[in-house]
Each structure stands twice: as structure tokens, then as C-alpha cells.
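The model shown is predicted, which means the values in this text are computed figures rather than measured ones. Whatever order the structure lists them in is the order used to number ligands and atoms, beginning at 1. Atom set for the values below is all heavy atoms of this structure, side chains included, hydrogens, waters and symmetry mates excluded.
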Amino acid sequence: MLELTGVTHVYANGTRALDDVSLSIPKGMYGLLGPNGAGKSTLMRTVATLQTPTAGSIRFGDIDVIAEPEKLRERLGYLPQDFGVYPRVSAYDMLDHMAVLKGVASARERKETVETLLNQTNLWNVRKKAIAGFSGGMRQRFGIAQALIGNPELIIVDEPTAGLDPEERNRFLNLLAEIGENVVIILSTHIVEDVADLCPRMAVLAAGKIQLEGAPQELIAQSRGNVWAKTIERDQLEDYRSRHEVISTRLFAGKTIVHILAPSDPGDGFTSVSGGLEDVYFSTLARTRRVPMPAAA
Ligand SMILES: Nc1ncnc2c1ncn2[C@@H]1O[C@H](COP(=O)(O)OP(=O)(O)OP(=O)(O)O)[C@@H](O)[C@H]1O
Ligand SMILES: [Mg+2]
């Protein structure tokens, strides 16, 4: 169990990237969903002990993460959003090197670790190729391979599916799903399906705050009866926006399908739709936007 209590992070320029975040994250896949700039990477870097929060506490099992970062690192696997530079070193050599850094001392054990991970992430055939020449999907699979060195109990992956084609995205998500239920896996994303498909629990982070937390199915059930749809002409959209709480719009065959939020039948030709997680997410963001953003200190 990973436990965050009142975690706040204010950057030197005054940006309040995290604002009193409290979360209990159990074992299994946990989805952290939020738009650009929500604070996802800040949260993940903070839990990964790469930065110290301005306030708050973090516990992982019996570890006080802020006081004992080195203990957490022994149990952590982290896939950052951006590696920066990709080395001209082969995948095999790089994993071997990283296994040394992770403390896998014996050469025999390292060989076994590296070969298992290369097979698991389907990189065996390209193990001798330089990582610099990898495609986006291969890079992300390499990223998860390095995160899995040393059997971590806490795995943090920051927007791993952004930019992947559907096939690579599936391959990546299946890989995560196979890791097992005995570890805490936090997956940040702005893609609703990533969470809907494989996270038993999730939170929505926006403007540095947790806006919503729970099991996707329960959150969807709670929104039932509140989401209404209608197909309109594109030029009518502004009019509808002024009269209804529009949560999402989608073009379909030259027309626009609007989804609105309303506690009871809004009339006007709308029909009730059984909302999905996307409706839950967009209505949460719509609500967030109505609240004025906190001024930078
Ligand atoms: N080093 C920094 N110095 C100052 N402000 C920062 C720094 N890093 C991030 N921020 C700001 O903090 C806020 C949260 O950024 P963060 O990168 O955590 O969001 P995110 O949810 O990961 O976004 P994205 O989906 O684009 O990756 C943003 O307003 C961002 O501009
Ligand atoms: Mg980010």
C-alpha cells in the first residue's frame, strides 16, 4: 500500500503543481488520469524520490519515503515520461549496466535477469541493436524492461502509451497487466481507455488536486442518468453550450454529437445515454474548469 497524505508541491516560480494530494493506492494497477499540466509527472517524480515535496508525507508499507528515499529506491521501478537521451548502446548491454546499478552483483544472476526481461518485453530479437535506433514502441518496452530489474514492489510508469500506435499500445498494456497483482503499479495517462481497460482503481488529477477517486465501474454507475446526448449541426454548438453543460463533443458523419450533464431529462430532444468513463472524466474536468484556478503565489 502506498499512502500519500497532504502532498503539496510548489515550484520555485510559484507554480502549485500539487495541492494537498491524499491517496491510498493498493496493490494492482492504479490509473492516474489527468490532462496536460495536471501535476501527474510531479506526483510521480515525488513518489520516485527524485524531488522532495514542499509539504506532506508519503509511506510505502513500512518505509517513510521522504525520510528514507534510498530504501524506497531499492523497491522501485520507474519509467519516466521522458528519458531525454537514448544511448547508442545495445539493449542487452544497457540492461546489464542498469542491473549492476540496481545491485544485481553476480554475473550469472544478471544474465538470467537481462535475458528474461528481453524475452518478456519481446525485445530478444533486437537485443544487440542500439536503443537510439529503436521505434517509440520498442523504447517504451525497453523502458518497462529496465523498470522491472530487481523485482520492484512499486512500479511507476508515466504516460507510457502516449504516441504509441494501437498495436504497440495494446502490447504495452498487456505487458503491464502481466506483471502481477502483488505489486503496486501506478500508470499515469491522459487516455481514458488506458484506465478503463485495466485499472481496478483510479483517480482524476487536475490543477494539482485529486478531483475524483474510486473504481471505474462505480464511478460510471454513479454518473448514470446524468449524461444525455443529441446529434446537432456543427454551427448550433455555441448555442447549446450557452444553454447546457456540454461535457464533450464528437464529430460524426459531418454532424456533431454533444454529450451534456443534467440531473434530469433536459428535454430539447436529448436522449439518455449510459455514460462511459470518458463521460465521467470529461464531466469532472468541466467541473474543475468552473472553479477558478488558484493564483500563483
Ligand atoms: N521544473 C518545473 N518548474 C516549474 N514549473 C514546473 C516544473 N515542472 C512542471 N511544472 C509545472 O507544474 C505543473 C504540473 O506539471 P507536470 O509536468 O507535473 O504535469 P503533467 O500532468 O505531467 O503534464 P503532462 O501530461 O503534460 O506531462 C505545470 O503547470 C507545469 O508547467
Ligand atoms: Mg507529465
Side-chain angles (χ1 to χ4, degrees), residues 2 4-23 25 29-56 58 65-66 69 72 76-86 136-137 139-140 143-144 146-147 154-164 168-169 172-173 176 184-199 201-213 248 277-278 280-297:
L2 178 71
L4 284 81
T5 313
V7 174
T8 294
H9 193 84
V10 183
Y11 283 108
N13 65 3
T15 304
R16 188 172 284 267
L18 295 175
D19 191 359
D20 198 16
V21 168
S22 295
L23 281 178
I25 303 184
M29 288 276 280
Y30 192 91
L32 185 67
L33 186 60
N36 289 139
K40 302 183 295 298
S41 294
T42 303
L43 183 65
M44 300 191 121
R45 282 197 302 267
T46 304
V47 176
T49 74
L50 297 175
Q51 57 191 61
T52 308
T54 314
I58 306 173
V65 174
I66 296 169
L72 193 274
L76 172 75
Y78 173 52
L79 172 54
Q81 183 169 2
D82 194 359
F83 263 109
V85 183
Y86 290 86
R139 283 181 184 187
Q140 289 307 68
I144 199 71
Q146 64 79 29
L154 171 62
I155 298 173
I156 296 180
V157 289
D158 195 357
E159 290 209 39
T161 61
L164 298 189
E168 274 289 6
R169 178 177 161 267
F172 188 88
L173 293 178
L176 278 190
V184 175
I185 306 178
I186 313 174
L187 163 81
S188 87
T189 183
H190 60 262
I191 304 170
V192 176
E193 292 82 29
D194 285 355
V195 173
D197 294 351
L198 79 175
C199 298
R201 290 198 76 81
M202 64 169 289
V204 173
L205 182 69
K209 285 188 164 67
I210 300 298
Q211 310 286 348
L212 195 67
E213 210 276 332
S248 68
L277 195 59
E278 204 170 47
V280 172
Y281 178 53
F282 285 130
S283 57
T284 303
L285 292 188
R287 223 167 19 241
T288 312
R289 279 190 215 103
R290 277 207 305 274
V291 182
M293 298 271 282

For the Mg ion (ligand 2), does an N/O/S atom of Ser41 lie at less than 2.8 Å?
yes
Determine whether Leu23 and Tyr30 make a side-chain contact, defined as any pair of heavy atoms from C-beta on separated by less than 4.5 Å.
yes
Residues which pass side-chain contact (heavy atoms from CB on, under 4.5 Å) with Ala162, listed by chain and number, not counting sequence neighbours
Glu159, His190
Counting only nitrogen or oxygen atoms and a 3.5 angstrom limit, does Gln81 reach ligand 1?
yes
When you measure from atom 25 (O) of ligand 1 to every protein heavy atom, which one gives the shortest distance, and what is it?
Glu159 OE2, 2.6 Å
Does some side-chain heavy atom of Arg16 sit less than 4.5 Å from a side-chain heavy atom of Thr54?
no
Distance to 0.1 Å, residue and atom name: give those for the protein heavy atom nearest to atom 26 (O) of ligand 1.
Asn36 ND2, 3.0 Å
Ser22 and Gly6: which non-hydrogen atoms are nearest, and at how many Å?
OG-N, 2.9 Å
Is Gly34 in polar range of ligand 1, meaning some N or O pair under 3.5 Å apart?
no
Looking at atom 31 (O) of ligand 1, is any protein heavy atom nearer than 4.0 Å to it?
no
of all protein heavy atoms, closest to atom 23 (O) of ligand 1 is Gly37 N, 2.8 Å
Please examine the side chains of Ile186 and Leu2, heavy atoms only from C-beta on, and report whether any two atoms are closer than 4.5 Å.
yes
Could you tell me, atom by atom, which parts of ligand 1 come under 4.0 Å of a heavy atom of Asn13?
4 (C), 5 (N)
Per-residue contact class, Thr15 against ligand 1 - non-hydrogen pairs under 4.0 Å
side chain
Atom indices of ligand 1 within 4.0 angstrom of Ala17 heavy atoms, with elements
12 (O), 13 (C), 14 (C)
Please determine, by modelled atom types, if Gln211 and Thr284 share a side-chain donor-acceptor pair under 3.5 angstrom.
no
Find out whether Leu79 and Gln146 are in side-chain contact, i.e. whether some heavy atom of one side chain is under 4.5 Å from a heavy atom of the other.
yes
Identify which one of Thr42, Leu4, Val10 satisfies the side chain to side chain contact (heavy atoms under 4.5 Å, CB included) criterion when paired with Leu18.
Thr42
I need the contact type for Pro35 against ligand 1. Using non-hydrogen atoms and a strict under-4.0 Å cut-off, is it side chain, backbone, both or neither?
backbone
Does the protein place a non-hydrogen atom closer than 4.0 angstrom to atom 4 (C) of ligand 1?
yes
Among Thr42, Leu33, Leu43, closest by heavy atom to atom 18 (O) of ligand 1 is Thr42
Quick test: of every protein heavy atom, which one is nearest to atom 10 (N) of ligand 1, and how far off is it to 0.1 Å?
Tyr11 CE1, 3.4 Å
Residues Asp194, Arg169; criterion salt bridge (Lys or Arg N to Asp or Glu O under 4.0 Å); working and verdict:
CA-CA 9 Å; Asp194 285 355; Arg169 178 177 161 267; 2.7 Å; yes
Residue Gln81, metal the Mg ion (ligand 2), N/O/S under 2.8 Å:
yes
Can you list the atoms of ligand 1 that are under 4.0 Å from a heavy atom of Ser41?
17 (O), 18 (O), 20 (P), 22 (O), 27 (O)
Is Leu187 close to Cys199 at the side-chain level, that is, under 4.5 Å between some pair of heavy atoms?
yes
Within the structure, does Ala38 bring an N/O atom to less than 3.5 angstrom of an N/O atom in ligand 1?
yes
Val192 versus Leu33: any side-chain heavy-atom pair under 4.5 Å?
yes
Considering non-hydrogen atoms of the protein only, which is the closest contact for atom 19 (O) of ligand 1, and what is the distance?
Gly39 N, 3.2 Å
